[in-house]
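All figures in this text were calculated on a predicted structure; none of them were measured in a lab. Below, read A as the first sequence line, B as the second, and so on, with proteins coming before strands; counting in each chain starts at 1.
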Amino acid sequence: MPSNFEISKILREIGEYLEMQNVPFKPRAYEKAALAVQELDEETTDLYKEGGLKALEEIPGVGASIAEKIEELLKTGRLKYYEGLKKKAPVDLSSLTSVEGLGPKSISRLYQKLGIKNLADLEKAARAGKIRKLEGFGEKSETKILAGIEFQKKSGGRFLLGDVLFLGRGIEERLERLPEVEKAMVAGSIRRRKETIGDVDILVISKKSKKVMDYFKNMTEVAMIIASGETKSSVKLHSGLNVDLRVVPPESYGAALNYFTGSKDHNVALRKIAIEKKLKLNEYGLFKVGKGGKETMIAGKTEEEIYRALGMDYIEPEMRENTGEINFSLKHKLPKIVGYGDLEGDLQTQTEWTDGSDSIEDMAKAGIKAGLKYIAITDHTKRLAMTGGLGEKMVLKQMVEIDRVNKKLGGKIKILKGTECDILKDGSMDLPDSILSKLDVVGASVHSLFNLSEADQTARIKKAMVNPNVDIIFHPTGRLINRREAYKVDIEEIVKFAKKTGTVLEANADTNRLDLKDEYIKKCVEAGVKISVDSDAHSAGQVGFLELGIAQARRGWATKHDIINAWPPDKMKSFLKK
DNA sequence: GCCGTTTTCGGCCCGACTGTTTTCAGTCG
């Protein structure tokens, strides 16, 4: 039974195939439907079981035609229409479109003229200088393609945390529901909330491992069984993600969890400390080695008791990268990093006024649901025309609407008036100061001219930071994980200048961005620069991105003190520029 | 192909930038 993830991927590819054939409007329709399916709270399978074709048609963006296609997928696991399109141009769309600058039209031409089907073909043709000879391509596009391929190789088939965190958690929950399972827990880089994930590690305590393994290997999303044994099984999912399951005895659970959570460097450092204390640490426990090599286990049931036995404080998984946490722990001086429930507000969200999909009221309600006390509406500005960016008149109009909704919601949450204002080429703002000064929160963003020199880009952003109305620099480096490198900018200088001007730097929580990244967050914390953890939600459901933002803040060792939207509304507002 | 009616067709966010051109197509988000 195909999952929402798989259905959405097929719909998206259909849109891209139609785009390749220059079909008007349909591509957008499929793209919209793909997004809607991806964002559903419920599995499409369940929707269909409960309400049939009708229920599918009620998904916004899905009409009669796409509903029937989804039905075919659910019933047969296949879709003839999709297979027909794929036959006409059997190219690996998902990898080719992920090369920066390559879209459906170019891919279509490359296939027709040079028979390019995948990244390997593309690289070969580019290296042989064949692409520059094609009409519409030139030397520069060939160089750009090669650079794009290099970047792809570097990111090496890793998955975004946001895509696999919930998947891992889903498997964890299903395993935990089995009567044979005492406890199930995702370990590995997911537990450390690393921004990209190679594969998923799950630990289970159970006395009947065979039953657990059988369930695991037969899950609907499994495409292939790689290895299958009593205590360890590995599978590959349809999405290409590998998942390992390990069954451990209860007395070793903590040691196994510690071992399989990593990071490798952190574990090596722990083992060294154990050796200094004449102890031995492995995935089964912490042991005292007596005369004649006799081992007695002194800890292993929980991670806490292992750290304690080593004379250390417990270290949060997000900090286990061997970047100083071991020493802080030994000296009992670890910072108390921000908790997952600590945010009081969200300072960047978009609505249907620009490129978001929900109303101001819907976003506010999502904020209430997430337990927030305030939420800023920060729609785009006019320079970003493709989003329908707001000009002065519309901003003023939106402020009136926000007043209305605030009144209607009766104080359950405070909606703040904000903007995500474009920073223009020379560092000036896309809205006049007379408007910016009326808003509660002004975020400033780079959305254009990503290829300025480092000096120019840095100067551009610094100029925005000098503006007395600019409170926050949104997604300060502009990167898209696995898709686009950050623009060139001197981050040390930006951090220094943020301190000087009292400007906040954002830790954007969008799954694709996570910008600032963890090590830059750490630089801010060390420099005393405040950050804001924002969802950048473009729909009510995306307010949930905040969790990923907090995860990165934790990886950057940020405490509540460092994050302005972990503060109560009044304190937060008094920190912003006047 | 979807949506929303001024209901059963006509519109569909629309501008900047890049690299290719010499007037524009493709990509970005």
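Checked for salt-bridge contact, A/R78 and A/E72 miss the test: no charged N lies under 4.0 Å from a carboxylate O. The existence of a salt bridge linking A/E318 and A/R555 is excluded, since no basic side-chain nitrogen approaches an acidic carboxylate oxygen closer than 4.0 Å. The pair A/E31-A/R12 does not count as a salt bridge, with every side-chain nitrogen at least 4.0 angstrom from each carboxylate oxygen. Using a 4.0 Å cut-off between a side-chain N of Lys or Arg and a carboxylate O of Asp or Glu, A/E195 and A/K517 do not qualify as a salt bridge.
Comparing B/dT18, B/dT27, B/dG1 by their closest approach to the side chain of A/L449 singles out B/dT18. Closest approach to the A/N451 side chain among B/dG1, B/dT18, B/dT27 is made by B/dT18 (side chain taken as heavy atoms from C-beta onward). Of the listed nucleotides (B/dC2, B/dC14, B/dT27), B/dC2 has the atom at the smallest distance from the side chain of A/A29. For A/S141, counting side-chain heavy atoms from C-beta on, the closest listed nucleotide (B/dG1, B/dG19, B/dT18) is B/dG19. Counting only heavy atoms from C-beta on, A/K140 has its side chain closest to B/dG19 among B/dC14, B/dG19, B/dC17.
Other residues, nucleotides and ligands place no more than 12 heavy atoms under 6.0 Å from the NZ atom of A/K113. Within a 6.0 Å sphere centred on NZ of A/K69, heavy atoms belonging to other residues, nucleotides or ligands number more than 12. Within a 6.0 Å sphere centred on NZ of A/K417, other residues, nucleotides and ligands contribute more than 12 heavy atoms.
Within the nucleic acid shown, A/A33 has no heavy atom closer than 4.0 Å to any nucleic acid atom. A/P24 comes within 4.0 angstrom of nothing in the nucleic acid, heavy atoms only. Residue contacts for A/K26: at a heavy-atom cut-off of 4.0 Å it reaches a base atom on one of the strands shown.
Using a distance-only test at 3.5 Å, with no hydrogens or angles considered, a donor-acceptor pair links the side chain of A/D430 to the main chain of A/R383. Within the 3.5 Å criterion, the main-chain N or O of A/T477 finds no donor-acceptor partner in the side chain of A/R513.
Between B/dC13 and A/T354, no contact under 4.0 Å exists linking OP1 or OP2 to a side-chain N or O. Between A/R109 and B/dG26, a side-chain N or O to OP1/OP2 separation shorter than 4.0 Å is present.
Consecutive Watson-Crick or G-U pairs involving DNA chain B, each under 3.5 Å on both distances, make up stems of three or more pairs at B:1-4 with B:9-12, B:15-19 with B:24-28.
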Report the C-alpha distance between A/K408 and A/E361 in whole Å, list the side-chain angles of each, state the deciding distance to 0.1 Å, and finish with yes or no for salt bridge (charged side-chain N to carboxylate O under 4.0 Å, His left out).
CA-CA 9 Å; A/K408 184 176 172 193; A/E361 188 173 335; 3.1 Å; yes
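Within residues 382-394 of chain A, the residues having any heavy atom under 4.0 Å from DNA chain B are, by residue number, A/R383, A/A385, A/M386, A/T387. Interface residues of residues 115-133 of chain A facing DNA chain B, ordered by number: none; criterion, heavy-atom separation under 4.0 Å. At a non-hydrogen distance threshold of 4.0 Å, A/S65, A/I66, A/K69 from residues 65-80 of chain A come into contact with DNA chain B.
For the side-chain hydrogen bond (donor to acceptor under 3.5 Å, both in side chains) test, no residue two or more places apart in sequence or in another chain qualifies with A/E42. For A/H538, the ring-ring contact (aromatic ring centres under 6.0 Å, His included) test picks out no residue, with sequence neighbours left out.
Judged by closest nucleotide on DNA chain B, A/I59 is the one of A/I59 and A/L102 placed further toward the 5' end. Judged by closest nucleotide on DNA chain B, A/Y30 is the one of A/Y30 and A/G138 placed further toward the 5' end.
A distance cut-off of 5.5 Å between ring centres, combined with a plane angle under 30°, places A/F25 in a stacking arrangement with the base of B/dC12.
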